[in-house]
Participant: 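Quick one: the structure is below, and I'll ask about it shortly.
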Amino acid sequence: MTDTSDRGERTLIERYDAASIEPAWQARWTDLGLYRTDLDDQSRPTYYLLTMYDYPSGNLHIGHWYVKTPTDAIGRYHRMRGENVFMPVGFDAFGLPAENAAIKNRVHPREWTMQNIDHMRRQLRTMGAAFDWDAEVVTCDPSYYRWNQWLFLQLLNAGLAYRAKAPVDWCPNDGTLAREQVEGADRRCWRCGAKVEKRDLDQWWLRITKYADELLDFSGIQWPDPIRIMQTNWIGRSEGGEIVFTTAASAHHTGGEDLRVFTTRPDTLFGATFMVLAPEHPVVASLTAPERRAEVEAYVAHARSATEIERLSTEREKTGVALGAEAINPISGERIPIYVADYVLGGYGTGAIMAVPAHDERDFAFATQFDLPIRRVVAEPGTEDAALDEAFVSHAPTDRLVNSGPYSGLPADEGGRAIVAALAEQGAGNAAVTYRIRDWLISRQRYWGTPIPIIHCDQCGPVPVPENELPVLLPDVVDYQGSGENPLARDEAFLRVTCPSCDGPARRETDTMDTFIDSSWYWFRYLSPEKAGGPIDRALVDRWTPVDQYTGGAEHAVMHLLYSRFFTKAMRDIGLVHEDEPFRRLFNQGQILGADGERMSKSRGNVQDPDELIARYGADTIRLFLMFMGPWDQGGPWSASGIGGVYRFLNRVWAIAIDPTGTDRGDQEAGRLPAGQDIGVAEAAIRTAAHRTLRDVTIDYEGFRFNTMVARLMELSNALYRYRGTPAAGGRAWDEGVRLLLLMLAPAAPHITEELWSRRLATAGTGWSSIHLEPWPQVDAGAVIEETREVPVQVNGKIRDKVVVPADVSDADLELAVLAAPKVMAALSGRTPDRVIVAGGCRLVNLVVRG
RNA sequence: GCCGGAGUGGCGGAAUCGGCAGACGCGACGGUCUCAAACACCGUUGAGGGCAACCUCAUCCGGGUUCAAGUCCCGGCUCCGGCACCA
């Protein structure tokens with residue numbers, strides 16, 4: 001900190017020097033424990049502000065600053081509003097990159113991760129953010145992941161975890177691959193280039209589908225519409241019916257087997273002209289006619305290697321193969337051919353559909369491709385015989401069934417219900433709901449994750465590790481180099497155990513957990529990161545959660561944010577917490593891309609390191625610049641052009657606060673009040689500017705509109721700067737203006753404002769206290785009232801003139817003033833307006849004249 | 001492909017309960033200061049036309065609704081995020 005005692009002896013203005021101010025204040029704040037939250041303080045309302053924790057990739061880049069510094073401003077603003085703010089940080093420390101780095105550089109994942117965390121901690125401190133470092137969580141620490149294991153066991157007890165097979169992408173050399181590790185259209189391993197295959201493995205799942213309906217209810221939270229829509233679509237609830245078709249007897253098959261299909265349109269049952277099974281459907285093999293076997297098997301094998309995105313593409317030509325078997329329509333008795341096609345997914349609905357090409361776009365495309373009949377069964381009145389050149393999918397209340405036997409003529413909706421009822425009576429169908437969302441597969445065939453606390457015994461099957469034996473520690477020395485096998489399976493000491501239930505020889509589960517588990521409850525742990533007797537401190541959790549405000553990238557819109565909601569509900573049902581939702585309010589900020597418009601990544605070499613910017617401008621300038629760039633939810637490519645303007649702004653603030661009487665070389669008007677103003681007018685203008693800014697900036701902070709917040713502070717500083725060196729500078733209005741400017745700027749630029757604030761206090765001879773503990777100022781309503789206003793006047797929608805009228809003018813008086821305005825009279829050229837439209841609140845007048 | 005978002009001066013962006021398009025900043029141009037340059041400061045700056053007062057055009061493209069459209073509706077294009085093992 002700068003010693004202020006010798007200021008009077010200086011002849012030149014002391015320059016703004018961020019490099020000397022910022023580290024000093026950061027150190028002092030830490031010494032004072034200014035941002036250590038007293039979680040037990042009952043005197044103020046709590047405000048839990050959470051920003052998504054980081055993966056410790058090694059270096060903080062400008063994207064981290066973009067995420068964190070506006071969040072910090074929110075926290076500081078709320079603190080000034082009198083709330084007890086809790087803003088923790090931590091590290092999402094398990095995951096693939098550590099293991100990839102380990103394989104590549106022969107560093108242990110733990111070492112790599114912990115070094116990165118150390119480095120990032122130091123870098124995080126340079127932001128000057130008000131993080132409470134006492135609350136840090138590091139997920140790869142056994143004190144954290146043991147509770148992942150504990151929670152898993154509770155979920156297992158509650159019937160929310162189970163074991164089932166799932167296909168994974170498999171490389172013969174490197175084992176399971178993540179999606180991003182499978183490259184190219186021919187699907188090769190990124191590391192060794194081998195052809196990637198699918199392999200079915202027994203894996204652990206969490207029953208998120210049980211909560212599907214509850215997850216569709218957002219009534220308890222204030223989240224942005226787009227996120228709610230995406231989650232709703234992701235869950236994908238569909239109402240309809242299940243209909244049981246029967247296989248027909250044929251030369252190679254006895255028939256009589258049930259084939260259940262799910263449909264959202266039971267009303268179109270009479271229009272089913274063929275049936276499609278997913279390649280994964282269990283009866284595909286047994287239904288296939290011998291002469292079709294080779295073709296069907298080849299098709300199924302090929303379909304399994306395609307991604308879901310490819311399979312569901314409506315652009316791609318439909319493919320499929322006839323099985324050489326038929327199914328019987330339960331209501332019409334009609335026999336229709338059965339196909340296998342990859343546009344039907346094994347995991348959705350029943351994995352089988354009745355295809356109604358007349359009323360489904362995908363079925364229509366398939367039928368056209370394979371020359372199958374298309375039979376209209378729903379029509380708008382009068383269009384019953386109209387040809388179909390595309391699927392007729394809309395259903396209006398006036399639509400009626402046609403070609404539907406006894407149901408023909410019924411309104412489509414009613415007919416659909418009647419058909420379901422008839423089917424139910426004969427045991428061939430029922431109303432049903434299905435979801436797009438699948439259960440959450442949490443098994444990973446990796447080393448660097450939370451070991452799943454299960455022991456496999458030949459006698460007893462999978463047995464949970466007893467709670468008192470937790471944590472199952474991740475062994476330190478393990479051969480995690482890729483070799484196809486699970487890394488933990490190669491550690492004999494880890495692997496070989498006795499069964500907790502029968503004491504016989506057994507082996508540990510060698511899969512680890514998805515890292516989304518870590519992030520599905522970490523905000524609870526922040527409240528008591530050291531607690532040994534359980535995952536959470538119930539009293540603190542009850543007082544502090546749900547999190548008041550969560551901020552993070554929109555790339556997490558669905559998965560992380562949905563898993564967190566699911567976990568909270570599951571923990572509630574287990575009796576661990578009371579609430580239904582994790583995050584009351586959510587804000588998804590945008591993403592900073594590299595200068596090339598691509599996502600910042602080391603491999604692309606487009607990462608912007610903030611360190612050189614800090615050295616040149618200081619943290620406050622960067623913080624402010626990131627907020628000023630544009631709307632926070634937008635992000636965009638990084639460009640430092642413009643940062644100089646923000647730096648100039650801070651220099652002006654510095655000059656205004658430290659030297660009100662100074663003037664600038666080169667300014668011929670320096671020291672003079674603006675034309676036509678005396679001191680009274682000038683001071684009133686300053687007061688109005690300051691309080692209007694306060695009014696607007698407050699709204700901007702509340703709405704996270706940081707770009708306009710900074711713009712408004714720039715306007716205020718420009719307004720004050722105009723009076724610098726004039727008789728109005730240093731007066732009461734000026735002093736209040738400076739005070740408000742600093743207070744409003746404090747959440748966004750904490751260092752320079754703290755420095756200038758401490759100098760003000762020193763000058764005033766008051767004892768020091770931090771600006772960040774000041775209350776948010778009050779708007780003086782009297783100072784913001786305007787006496788007159790300028791109203792634009794249009795003639796036939798084009799601006800022709802402006803009139804200045806009293807602010808409380810009546811519509812009638814306004815109209816008189818408008819008609820007397822010279823340019824309006826010229827534009828009317830003697831004509832009388834046919835209509836006079838006064839926009840609401842006298843914002844604008846439009847005169848409409850014909851001819 | 002499907003779901004979600006965005007497209008406004010040379011650039012980042014402002015203005016969305018339908019009411020002055022371009023706040024604020026960058027850049028550019030002119031000037032002041034300086035021996036000079038840099039810094040700083042003052043001014044101009046959407047495009048086109050006109051001596052001027054002013055006029056015309058302009059918010060991705062094409063239609064539409066309206067006294068009035070960046071904003072609402074219909075159709076398209078481009079870019080960004082997600083699509084279940086990156087986090």
Side-chain angles (χ1 to χ4, degrees), chain A residues 52 54-55 57 92 94-97 100 168-169 176-182 224-227 229-230 232-234 236 307-316 437-446 514-516 518-519 553-560 562-563 588 590-591 593 597-599 601 625 628-631 633-637 639-646 648-649 651 655 663-670 707-708 710-715 718 721 790-794 796-799 802 823 826 833-841 843-849:
Chain A
M52 289 179 188
D54 295 304
Y55 184 77
S57 54
D92 185 16
F94 274 137
L96 264 188
N100 292 334
V168 297
D169 285 320
T176 307
L177 297 182
R179 196 172 54 91
E180 58 165 13
Q181 299 178 328
V182 179
D225 282 340
I227 305 293
I229 293 166
M230 275 190 273
T232 300
N233 292 341
W234 181 268
T307 66
E308 208 163 291
I309 293 174
E310 290 162 358
R311 287 175 60 169
L312 290 177
S313 170
T314 52
E315 190 107 309
R316 194 179 69 144
I437 192 173
R438 301 195 285 264
D439 276 336
W440 176 9
L441 172 63
I442 62 158
S443 292
R444 299 290 182 270
Q445 292 77 50
R446 309 286 177 192
D514 181 1
T515 55
F516 277 126
D518 304 330
S519 53
E555 66 271 25
H556 293 294
V558 175
M559 301 182 69
H560 161 56
L562 201 56
Y563 292 150
N588 284 120
Q591 216 172 11
L593 306 172
E598 302 280 337
R599 202 163 149 170
S601 75
F625 176 59
F628 184 57
M629 271 175 53
D633 58 1
Q634 228 165 275
S639 163
S641 80
I643 195 169
V646 173
R648 265 194 286 283
F649 161 61
N651 275 283
T663 54
D664 287 295
R665 293 166 287 122
D667 181 1
Q668 288 132 324
E669 296 297 313
N707 56 331
T708 50
V710 175
R712 283 173 175 138
L713 292 178
M714 285 173 165
E715 284 173 312
N718 290 343
Y721 203 82
E790 193 184 53
V791 179
V793 187
Q794 297 179 332
N796 284 340
K798 291 193 170 166
I799 300 287
K802 289 166 188 181
K823 287 176 192 163
D834 297 293
R835 283 179 70 186
V836 177
I837 294 152
V838 179
R843 284 195 304 271
L844 171 144
V845 178
N846 189 12
L847 306 175
V848 184
V849 55

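Note that the structure is predicted; figures quoted are calculated from it, not measured. Proteins come first, then strands; the chains are lettered A, B, ... in the order of their sequence lines, and each starts at number 1.
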Participant: Looking for any heavy atom pair under 4.0 Å, which part of the strands does A:R446 touch: base, sugar-phosphate only, or nothing?
Facilitator: base
Participant: Between the side-chain atoms of A:R179 and the base atoms of B:C86, is any donor-acceptor pair under 3.5 Å?
Facilitator: no
Participant: From the list B:A68, B:C26, B:C85, which nucleotide is the closest neighbour of the side chain of A:N846?
Facilitator: B:A68
Participant: Mind checking whether A:F649 and A:F628 have side chains closer than 4.5 Å, heavy atoms only?
Facilitator: no
Participant: Expressed in angstrom and rounded to an integer, what is the separation of A:I837 atom CD1 from B:C67 atom C1'?
Facilitator: 3 Å
Participant: How would you label the contact of A:K798 with the nucleic acid (heavy atoms, under 4.0 Å): base, sugar-phosphate, or nothing?
Facilitator: sugar-phosphate
Participant: Does the pair A:L441 and A:D514 meet the rule for a side-chain contact (heavy atoms from CB on, under 4.5 Å), with working shown?
Facilitator: CA-CA 8 Å; A:L441 172 63; A:D514 181 1; over 6 Å; no
Participant: Please figure out whether A:R316 or A:L844 has its closest RNA chain B nucleotide nearer the 5' end.
Facilitator: A:R316
Participant: Are any non-hydrogen side-chain atoms of A:Q181 and A:T176 less than 4.5 angstrom apart?
Facilitator: no
Participant: Which whole-number value in Å describes the distance from A:N707 CG to B:G22 P?
Facilitator: 18 Å
Participant: Using a heavy-atom cut-off of under 4.0 Å over every strand shown, decide if A:H560 touches base, sugar-phosphate, or nothing.
Facilitator: nothing
Participant: Start at the 5' end of RNA chain B and walk down; is the nucleotide closest to A:F628 or to A:K802 reached first?
Facilitator: A:K802
Participant: Name the orientation of the base relative to the sugar in B:G9: syn if the glycosidic angle is within 90° of 0, else anti.
Facilitator: syn
Participant: Enter the distance from A:T515:OG1 to A:R444:CZ here, rounded to the nearest 0.5 Å.
Facilitator: 7.5 Å
Participant: Rounding to an integer number of Å, can you tell me how far A:M629 CE sits from B:C26 P?
Facilitator: 16 Å
Participant: What residues form a salt bridge (Lys or Arg N to Asp or Glu O under 4.0 Å) with A:E308, not counting sequence neighbours?
Facilitator: A:R438
Participant: How many whole angstroms separate atom CD of A:Q794 from atom P of B:G18?
Facilitator: 16 Å
Participant: Partner of B:G46 by Watson-Crick or G-U wobble geometry, both contacts under 3.5 Å, or none?
Facilitator: B:C57
Participant: Counting only N and O atoms by type, is there a donor-acceptor contact under 3.5 Å from the side chain of A:S313 to the main-chain atoms of A:E310?
Facilitator: no
Participant: Whole angstrom is fine here: how far is it from CD1 in A:I442 over to P in B:C85?
Facilitator: 11 Å
Participant: Compare side-chain N and O positions of A:R843 against OP1 and OP2 of B:C20 and report whether any pair is under 4.0 Å apart.
Facilitator: no
Participant: Would you measure the distance from the C1' atom in B:G43 across to the matching atom in B:G48 and give it in whole Å?
Facilitator: 24 Å
Participant: How far does the P atom of B:C83 sit from the matching atom of B:C11, given to the nearest Å?
Facilitator: 32 Å
Participant: Can a donor-acceptor pair be found, under 3.5 Å and without considering hydrogens, that links the side chain of A:R446 to the backbone of A:L96?
Facilitator: no
Participant: Go ahead and name the base partner of B:U78; Watson-Crick or wobble counts if both distances stay under 3.5 Å, otherwise write none.
Facilitator: B:A6
Participant: Contact class for A:V168 vs. all strands (heavy atom < 4.0 Å): base, sugar-phosphate, or nothing?
Facilitator: base
Participant: Tell me which nucleotide among B:G19, B:G81, B:A14 gets nearest to the side chain of A:P631.
Facilitator: B:A14
Participant: Looking at every strand, decide which applies to A:I309 at a 4.0 Å heavy-atom threshold: base, sugar-phosphate, or nothing.
Facilitator: base
Participant: Name the nucleic acid region contacted by A:N588, choosing base, sugar-phosphate or nothing; use a 4.0 angstrom heavy-atom cut-off, strictly under.
Facilitator: nothing
Participant: Can any side-chain N or O of A:N588 pair as donor or acceptor with the backbone N or O of A:D633 at less than 3.5 Å?
Facilitator: no
Participant: Expressed in whole Å, how much space separates the P atoms belonging to B:C74 and B:U65?
Facilitator: 15 Å
Participant: Tell me the interatomic distance from A:E555, atom CD, to B:C80, atom P, rounded to whole angstroms.
Facilitator: 15 Å
Participant: Going 5' to 3' along nucleotides 2-9 of chain B, which nucleotides have protein heavy atoms under 4.0 Å from the base (write B), which only from the sugar-phosphate (write S), and which from neither (write -)?
Facilitator: SSSS----
Participant: Say you draw a straight line from CG of A:L562 to CD1 of A:I227; how long is it, rounded to the nearest 0.5 Å?
Facilitator: 11.0 Å
Participant: Take atom CG of A:L847 and atom C1' of B:G19, then tell me their distance rounded to the nearest Å.
Facilitator: 14 Å
Participant: If I pick the C1' atom on B:C17 and the same atom on B:U32, what distance separates them, to the nearest angstrom?
Facilitator: 48 Å
Participant: In whole angstrom, give the distance that lies between atom CZ of A:R712 and atom P of B:A14.
Facilitator: 11 Å
Participant: Report, as a single string ordered 5' to 3', how protein heavy atoms within less than 4.0 Å touch nucleotides 42-50 of chain B: B base, S sugar-phosphate only, - not at all.
Facilitator: S--------
Participant: Ignoring hydrogens and angles, answer whether the base of B:C85 and the side-chain atoms of A:Q445 contain a donor-acceptor pair closer than 3.5 Å.
Facilitator: yes
Participant: Base, sugar-phosphate, or nothing: which does A:F649 touch, judged by heavy atoms less than 4.0 Å apart?
Facilitator: nothing
Participant: Mind checking the P distance from B:A23 to B:U78? Whole angstroms is fine.
Facilitator: 32 Å
Participant: Let me confirm one number: the NE2-CE distance from A:H556 to A:M52, rounded to the nearest 0.5 Å.
Facilitator: 5.5 Å
Participant: Under 4.0 Å, counting only non-hydrogen atoms across every strand here, what does A:S57 touch: a base, just sugar-phosphate, or nothing?
Facilitator: nothing
Participant: What is the nucleic acid contact for A:L713, judged by heavy atoms within less than 4.0 Å: base, sugar-phosphate only, or nothing?
Facilitator: nothing
Participant: Look up atom CD1 in A:I799 and atom CG in A:N846, then write down how far apart they are to the nearest 0.5 Å.
Facilitator: 8.5 Å
